[in-house]
Amino acid sequence: MNQAVAVTLLTGFLGAGKTTLINHFLTHHADASVAILENEFGAVNIDGALLRGGDNVNVVELSNGCVCCSVRGEFTAALTELLAQRQRGELTFDRLIVETTGLADPAPIIQTFFVEEALRLDAVITLADCHHISRQLDEHPVAASQLGFADRILLTKADTCDEQQHSEALARIHQINSKAEIYQIENGVCPADLWLDLNAFELSDANSLTKGFHAIRPADQSAPRFTPFKEIKRSWDDAIQAHVFEAGWMDLHKAGAFMEQCVERYGNDMLRYKGVLAIAGNPQRLIVQGVHKVVGFDYGSPWREGETPQSRLVIIGRYLPVDELRTAFAQATA
């Protein structure tokens, strides 16, 4: 019981299909040992009553408030009580799924798990309603924040969209977050291994950019079908966007100073960021990963023989002086 419990944070705007996704998981994993912390904005929690919980499923409902506004209150108390009951043997669960209300900003929720040693944040999964996401992004800044923090994005209700609407929704999502893999799903049908146990917050060498989406069809048992993004000659002025910085060999001290200044000056506006850097004089990749002002560094695998070392930093943020940062990043090269 001392092993940290893996936590999946499930977010997405109102009506995106979070409860449907959980119910599909519970229906096909009847023996799952899971606790679900379910939040709804309002005095009566409707979604909690819709969950198909089995004998091994423990559902805790938070009502009359948004989790992101109650991090130091009911939410933290609920986490503490869940862990206490698990420690006493009153509850048994191997994983925790936190389903936030569609109005929740994930930032304070994510930061809560950084200080709770008994819980390990596995990944942030964001659902996006293809039919309504553009309007939601226009009217509600929190919708962009939910996408920006995502480790994986599940696109729902694409079957209700025409081809142009579908392509533009994907292009806009990708402009906000070019790191998260996108899976298009129907009626909550998504294999559990595509949104659980992703280990997204572990430092790893991977730092690729997405180039398309994967479609999952409920009646098709084959692997998800990959489709490249279509070129859209339009951009959106969303405050949150993904920015990519690339260079060759970097000086360790200059790169460290660059990251320190970024985090100190702009950390509050840097939602997620990850870098895999080539450090002059060191055969190993330097891995940088952070959320706001919480950042980790570690050395990864060595560059392979014949491989051209490349430094790439991806920052998903808002209101950043991108040109200034790009110049400073270039000046940190060896």
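For reference, positions follow the sequence shown, starting with 1.
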Student: Is the shortest heavy-atom distance from the side chain of Tyr299 to the side chain of Arg285 under 4.5 Å?
Tutor: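 Contact flag for Tyr299/Arg285 side chains = no.
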Student: Would you find a donor on one side and an acceptor on the other, under 3.5 Å apart, between the side chain of Thr11 and the backbone of Thr126?
Tutor: no
Student: What is the ring orientation for Phe201 with Phe114, classed by angle as parallel under 30°, tilted 30 to 60°, or perpendicular over 60°?
Tutor: perpendicular
Student: Taking the six-membered ring for Trp, is the centroid-to-centroid distance between Phe258 and Phe329 below 6.0 Å?
Tutor: yes
Student: Pick from Lys179, Gln289, Arg312: which one makes a side-chain hydrogen bond (donor to acceptor under 3.5 Å, both in side chains) with Asn207?
Tutor: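 Among Lys179, Gln289, Arg312, the one meeting side-chain hydrogen bond (donor to acceptor under 3.5 Å, both in side chains) with Asn207 is Lys179.
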Student: Report the residue from Thr156, Leu147, Leu170 that forms a side-chain contact (heavy atoms from CB on, under 4.5 Å) with Ile133.
Tutor: Leu147
Student: Taking C-beta and beyond as the side chain, do Asp151 and Arg272 meet within less than 4.5 Å on heavy atoms?
Tutor: yes
Student: Between Phe25 and Trp195, is the ring centroid distance below 6.0 Å?
Tutor: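 Ring centres of Trp195 and Phe25 closer than 6.0 Å.
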Student: Salt bridge or not for Arg120 and Asp122, using N-O below 4.0 Å?
Tutor: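 Answer for the salt bridge query: yes.
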Student: Should the pair Arg86 and Phe93 be classed as cation-pi, given the thresholds of under 6.0 Å to the six-membered ring centre and 45° from the axis?
Tutor: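 Yes - Arg86 lies over the ring of Phe93, closer than 6.0 Å to its centre and within 45° of its axis.
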Student: Report yes if some heavy atom in the side chain of Met270 is under 4.5 Å from a heavy atom in the side chain of Leu320; otherwise report no.
Tutor: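 Met270 vs Leu320: side chains touch.
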Student: Quick one: does Leu14's side chain get under 4.5 Å of Leu103's, heavy atoms only?
Tutor: yes
Student: Inspect the contact between Asp238 and Arg318 and indicate whether a charged nitrogen and a carboxylate oxygen are less than 4.0 angstrom apart.
Tutor: no
Student: Run the side chain to side chain donor-acceptor pair (under 3.5 Å) test on Gln111 and His292 for me, step by step, so that the C-alpha distance in whole Å, both residues' side-chain angles and the decisive distance to 0.1 Å come before the verdict.
Tutor: CA-CA 9 Å; Gln111 292 174 330; His292 286 319; 4.7 Å; no
Student: Using a strict 4.0 Å threshold on nitrogen-to-oxygen distance, state whether Glu231 and Lys211 make a salt bridge.
Tutor: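 Salt bridge: no.
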Student: Does the ring of Phe245 carry Arg326 above it, NZ/CZ under 6.0 angstrom from centre and within 45° of its axis?
Tutor: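 Yes; both conditions hold, so Arg326 lies above the ring face of Phe245.
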